[in-house]
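Reading through the structure tokens given below for one structure.
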There are 4 protein chains.
Amino acid sequence: MIRVLVNGALGRMGQEAVQAIKNSHTLSLVGECGRGDDLYAAVKHSSAQVVLDFTTPDAVFKNTQAILEAKARPVIGTTGLMSAQIAELQAQAKRLGLGGMIVPNFSLAAVLMMKAAAQWIKYFPKVEIIEKHHEGKIDAPSGTALRTAELMAAAREVQMSNREERILVEGARGANVQGIPIHSLRLPGLVAHQEIIFGGSDETLTITHDSIHRRSFMPGVLLACEKVMDLNELVYGLESILE
Amino acid sequence: MIRVLVNGALGRMGQEAVQAIKNSHTLSLVGECGRGDDLYAAVKHSSAQVVLDFTTPDAVFKNTQAILEAKARPVIGTTGLMSAQIAELQAQAKRLGLGGMIVPNFSLAAVLMMKAAAQWIKYFPKVEIIEKHHEGKIDAPSGTALRTAELMAAAREVQMSNREERILVEGARGANVQGIPIHSLRLPGLVAHQEIIFGGSDETLTITHDSIHRRSFMPGVLLACEKVMDLNELVYGLESILE
Amino acid sequence: MIRVLVNGALGRMGQEAVQAIKNSHTLSLVGECGRGDDLYAAVKHSSAQVVLDFTTPDAVFKNTQAILEAKARPVIGTTGLMSAQIAELQAQAKRLGLGGMIVPNFSLAAVLMMKAAAQWIKYFPKVEIIEKHHEGKIDAPSGTALRTAELMAAAREVQMSNREERILVEGARGANVQGIPIHSLRLPGLVAHQEIIFGGSDETLTITHDSIHRRSFMPGVLLACEKVMDLNELVYGLESILE
Amino acid sequence: MIRVLVNGALGRMGQEAVQAIKNSHTLSLVGECGRGDDLYAAVKHSSAQVVLDFTTPDAVFKNTQAILEAKARPVIGTTGLMSAQIAELQAQAKRLGLGGMIVPNFSLAAVLMMKAAAQWIKYFPKVEIIEKHHEGKIDAPSGTALRTAELMAAAREVQMSNREERILVEGARGANVQGIPIHSLRLPGLVAHQEIIFGGSDETLTITHDSIHRRSFMPGVLLACEKVMDLNELVYGLESILE
């Protein structure tokens with residue numbers, strides 16, 4: 001059993017993670033920390049091998065440093081680390097010979113979707129994204145849709161020429177992100193959904209991801225906590241541990 | 001057998017209609033006219049009971065007058081008639097005691113979709129439209145999507161308050177048509193598709209119409225040619241003859 | 001405010017209903033009963049105008065009798081009443097001049113879907129149903145799918161001839177319910193979903209209902225509690241109070 | 001320009017291929033053969049580098065032998081070759097140092113779909129297939145659905161236990177192919193469609209392929225004719241030349 005401590009255990013993701021680790025047959029929950037606790041001391045005291053961090057953007061850099069100093073492997077689900085900070089943490093992990101992961105999106109399905117999308121665009125360069133979320137989500141487009149569009153734009157090998165368009169009502173063709181339109185729906189009854197539609201000659205190919213609860217992140221959280229034991233560097237993204 | 005003459009028989013819709021009438025067991029094709037033919041004389045000579053018109057906006061008013069004068073029942077699939085012209089034609093039809101139909105959309109499915117949408121919005125006032133068309137369609141949103149949104153907005157009984165939104169890339173939330181967002185996709189491999197998504201409490205209800213060829217208009221064309229025989233006034237829209 | 005008592009208040013649906021009534025601006029919760037309580041006395045004591053019953057098949061007949069005797073209007077969400085029992089209860093309600101409702105499915109969306117389906121089949125007689133549910137649902141097809149197929153078969157006006165089929169693996173074409181195939185999927189990540197696909201000439205028309213929580217029944221529950229006040233007989237099905 | 005001869009040029013696929021090669025900027029059509037022509041002589045006479053074969057199961061083995069003997073590279077779109085025949089042709093191609101391809105499915109999209117499906121099932125072992133085709137298709141399930149299920153079953157790493165099920169109407173749960181249910185719909189208005197739905201913890205991931213015309217095979221046909229020039233053996237399946 002891998003010994004895991006959860007930092008940010010009272011947050012929404014933290015609570016789900018605590019529950020998921022308790023139900024796991026390969027991981028053992030050895031501690032829960034929150035705001036105000038001494039993370040370094042808690043890691044030392046619990047002999048945690050892995051520390052899962054779901055805290056806040058302003059705390060995450062110091063937390064990751066403390067985890068590494070305490071000789072545990074960080075699995076960071078908190079957003080907000082800047083490139084320079086990531087580089088510094090990677091150097092620190094290398095010095096200490098410790099594996100670790102920074103994971104902006106723990107959804108295995110979302111990562112598989114993005115990997116396939118970046119591959120398929122080579123054969124089907126014309127693509128649009130529809131993302132649908134619950135009414136409470138005020139940002140549009142969603143972060144996942146933006147990231148998907150950027151990954152696909154980077155992988156697209158052909159130059160796209162502009163279509164002639166006559167826009168009768170502004171906004172009809174969605175948000176243009178590097179030539180890829182994103183359409184954002186916000187309605188009650190929805191949770192978190194994304195469709196990527198590739199248009200070809202008399203055919204379309206579509207990937208759809210429907211998530212109805214943040215529990216859907218837990219298989220990715222558990223997988224990261226297991227796989228981080230085999231790493232000896234600090235890597236970025238769940239995709240780095242998928243085949 | 002009802003005797004039908006097709007005006008505009010060489011156009012794309014006209015050709016399909018000629019074919020469909022030839023295959024029909026209730027309609028008989030008694031004539032085909034085109035640009036340059038004398039429509040009045042052709043109707044008289046063929047003893048047509050119904051004249052189906054698929055011509056051009058600049059010709060449709062005079063055509064409809066000629067059809068009525070020749071004592072046939074017009075079924076008008078050509079767009080471009082203005083309100084005042086429609087009123088004048090309705091008065092003429094009434095004087096002559098002749099039925100007739102002006103049909104902007106012969107798709108039975110589209111009409112059923114719009115009728116249901118206008119009814120459902122009373123129970124589910126939050127709704128968005130996605131319409132997807134082939135690359136060659138330069139207008140956005142589509143005419144059907146605009147008409148659907150207008151019909152729903154007119155039927156909606158509650159006042160919608162504005163959601164808080166943070167638009168990260170302009171256009172993400174689509175075209176706002178009377179408070180109903182329309183999202184327009186344009187891709188190869190698509191033909192003509194529309195989804196209307198109603199959001200409720202932990203549920204959504206969706207109508208989807210997928211059309212892959214203009215042949216899909218023909219059942220509506222045939223139905224109109226049959227039902228116009230039972231009318232004694234000039235009516236507007238396929239919906240006027242559906243139950 | 002309409003005074004409502006919930007019978008079966010500790011069950012899953014009962015708890016949701018209690019919560020929904022507490023949040024309502026038109027209904028007032030005046031009592032909660034459960035197994036072992038004297039329902040007649042509780043109705044009398046609370047002066048409830050409406051009693052909402054979410055109990056068990058073996059108790060529902062006696063419960064409905066008691067509600068009517070106590071001069072309240074029953075809204076029955078419990079299944080299990082037989083035709084003869086319903087007739088007897090309707091006679092009792094009539095004698096007492098009391099409205100009431102027996103509602104096997106409180107989902108407004110499901111009822112709208114079935115009404116549209118029964119109408120559309122007149123124009124599109126070829127139709128199939130796909131229903132998708134969570135892994136825990138052992139019955140297949142779902143009750144809603146069966147009921148939808150029966151309603152459509154009853155409304156279908158044309159006689160369907162058999163297609164030639166070569167079944168390579170048994171079951172491929174689904175469950176045949178009066179000539180309408182039903183396909184049942186059972187997977188984790190799903191909750192309760194149904195699609196009705198109508199096939200036409202080069203087009204399809206589809207209704208999709210996605211429900212992700214039993215809270216989706218609550219708008220129908222609240223509507224029934226309000227509308228029952230305007231009734232003076234015991235009616236069956238939410239459809240009887242929809243326009 | 002690569003010199004291509006089409007054998008079976010008058011069949012449906014052959015005609016489409018002739019048209020597609022005429023429109024290509026990298027391929028040049030140097031000959032068309034049909035039933036009764038001497039294929040070996042035609043290849044020699046036209047100096048074709050690649051021969052595309054869309055003929056019949058009884059002719060395909062001899063055709064492929066003749067193409068190789070004439071020192072051209074075969075791209076075989078005809079089905080019906082048996083394993084032993086394929087092995088023999090592969091030996092012949094090797095002896096002659098000639099590349100070639102046997103391609104049961106030229107749809108790039110279908111091949112990408114199957115590759116992704118075989119990968120995703122490692123993370124999402126619970127999966128079902130829905131395939132929808134036009135009324136005229138009498139076989140069920142479709143060949144593509146069967147092949148997809150077999151590929152996924154072979155890639156699935158976990159042992160699936162049986163769910164408890166209560167089948168109210170026979171066939172509801174579809175065709176069971178190695179533990180993967182396939183649901184086959186047949187309706188007018190459909191062409192060729194397949195969905196693969198992976199069920200996870202509170203999420204689903206779906207691939208959908210919609211093809212509306214056999215023209216959708218042409219990009220795969222053209223790609224095969226180009227890539228076969230770089231091969232020096234006879235390979236099977238379009239997947240062997242995709243990255």
Side-chain angles (χ1 to χ4, degrees), chain C residues 124-143 145-146 149-150 160-178 180-191 193 195-206 210 212, chain D residues 124-143 145-146 149-150 160-178 180-191 193 195-206 210 212:
Chain C
F124 294 94
K126 295 182 180 169
V127 64
E128 305 205 8
I129 297 172
I130 300 172
E131 55 94 350
K132 307 175 189 167
H133 283 84
H134 56 91
E135 273 189 305
K137 184 175 186 69
I138 59 171
D139 283 8
S142 69
L146 287 169
E150 284 158 9
M160 303 303 294
S161 52
N162 281 345
R163 288 179 62 248
E164 185 190 348
E165 299 206 322
R166 187 161 50 219
I167 304 303
L168 306 181
V169 184
E170 204 190 338
R173 293 284 289 118
N176 184 321
V177 176
Q178 297 187 45
I180 297 172
I182 302 178
H183 310 272
S184 302
L185 284 79
R186 298 291 177 267
L187 281 172
L190 297 172
V191 185
H193 314 265
E195 272 175 77
I196 311 173
I197 307 173
F198 296 86
S201 168
D202 288 286
E203 66 182 340
T204 56
L205 188 57
T206 304
D210 296 284
I212 56 172
Chain D
F124 293 95
K126 295 182 181 168
V127 65
E128 305 204 10
I129 297 173
I130 300 171
E131 55 95 347
K132 305 175 191 169
H133 284 83
H134 56 91
E135 273 189 306
K137 185 175 186 71
I138 60 171
D139 283 9
S142 70
L146 286 170
E150 284 158 8
M160 303 303 294
S161 52
N162 282 343
R163 288 178 63 248
E164 185 190 349
E165 298 205 324
R166 187 162 51 219
I167 304 303
L168 306 181
V169 184
E170 203 191 339
R173 292 284 291 117
N176 184 321
V177 176
Q178 297 186 45
I180 297 172
I182 302 179
H183 309 272
S184 301
L185 283 79
R186 298 290 177 267
L187 281 172
L190 297 172
V191 185
H193 314 265
E195 274 175 76
I196 312 174
I197 307 172
F198 295 87
S201 167
D202 288 286
E203 65 182 341
T204 56
L205 189 57
T206 305
D210 296 285
I212 56 172

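Side chains are part of it too, since the values below use all heavy atoms of this structure and drop only hydrogens, waters and symmetry mates. In what follows, every chain begins at residue 1, and chains take the letters A, B, ... in the order their sequences are listed. Because the structure is a prediction, the values reported are computed rather than measured.
Of the inter-residue distances, the one linking C:Lys132 atom NZ with D:His183 atom NE2 reads 9.5 Å to the nearest 0.5 angstrom.
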* Take D:Glu128 and D:Arg173 through the test salt bridge (Lys or Arg N to Asp or Glu O under 4.0 Å) and record every step on the way to the result. => CA-CA 10 Å; D:Glu128 305 204 10; D:Arg173 292 284 291 117; 3.1 Å; yes
* Is there a side chain to side chain contact (heavy atoms under 4.5 Å, CB included) between D:His193 and D:His133 once you walk through the steps? -> CA-CA 6 Å; D:His193 314 265; D:His133 284 83; over 6 Å; no
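With respect to chain C, the highest number of heavy-atom pairs below 4.5 Å among D:Gly199, D:Ser201, D:Pro181 belongs to D:Gly199. Ranked by heavy-atom pairs shorter than 4.5 Å toward chain D, the options C:Arg186, C:Lys126, C:Glu170 are led by C:Arg186. Of the residues considered (D:Ile212, D:Asn176, D:Thr204, D:Asp139), D:Asp139 shows the highest number of contacts with chain C, using heavy-atom pairs under 4.5 Å. Between chain C and the options D:Ile130, D:Val191, D:Leu185, D:Val169, the largest number of non-hydrogen pairs under 4.5 Å is found for D:Leu185. In terms of heavy-atom pairs under 4.5 Å with chain D, the best-connected choice from C:Leu168, C:Ile197, C:Leu190 is C:Leu168.
Contact annotation for D:Arg163: only side-chain heavy atoms (C-beta onward) come within less than 4.5 Å of a heavy atom of chain C. Heavy atoms closer than 4.5 Å to chain D are found in the side chain of C:Val177, but not in its backbone. Interface residue C:Glu203: only backbone heavy atoms are found under 4.5 Å from chain D. When heavy atoms are compared at a cutoff of 4.5 Å, C:Leu146 approaches chain D solely by way of its side chain, counted from C-beta outward. Neither the backbone nor the side chain of D:Leu205 comes within contact range of chain C; no heavy atom of the residue lies under 4.5 Å from a heavy atom of that chain. In this structure, chain D has a heavy atom under 4.5 Å from the backbone of C:Ile182, while its side chain stays farther away. Using a 4.5 Å cut-off between heavy atoms, C:Lys137 contacts chain D through its backbone alone, with no side-chain atom that close. For a residue to count as touching a neighbouring chain, one of its non-hydrogen atoms must lie under 4.5 Å from one of that chain's; by this rule C:Asp202 touches chain D with the backbone only.
Judged by distance alone, with hydrogens and angles left aside, the side-chain atoms of D:Glu131 form no donor-acceptor pair with the main-chain N or O of D:Ser184 at under 3.5 Å.
Closest approach of C:Phe198 to C:Phe124, counting heavy atoms only: CD2-O, 3.4 Å. Nearest heavy-atom pair, C:Pro141 versus C:Ala175, reported as atom, atom and distance to 0.1 Å: CG-CB, 4.1 Å.
Counting only heavy atoms from C-beta outward, the side chains of C:Glu165 and D:Ile138 never approach each other to under 4.5 Å.
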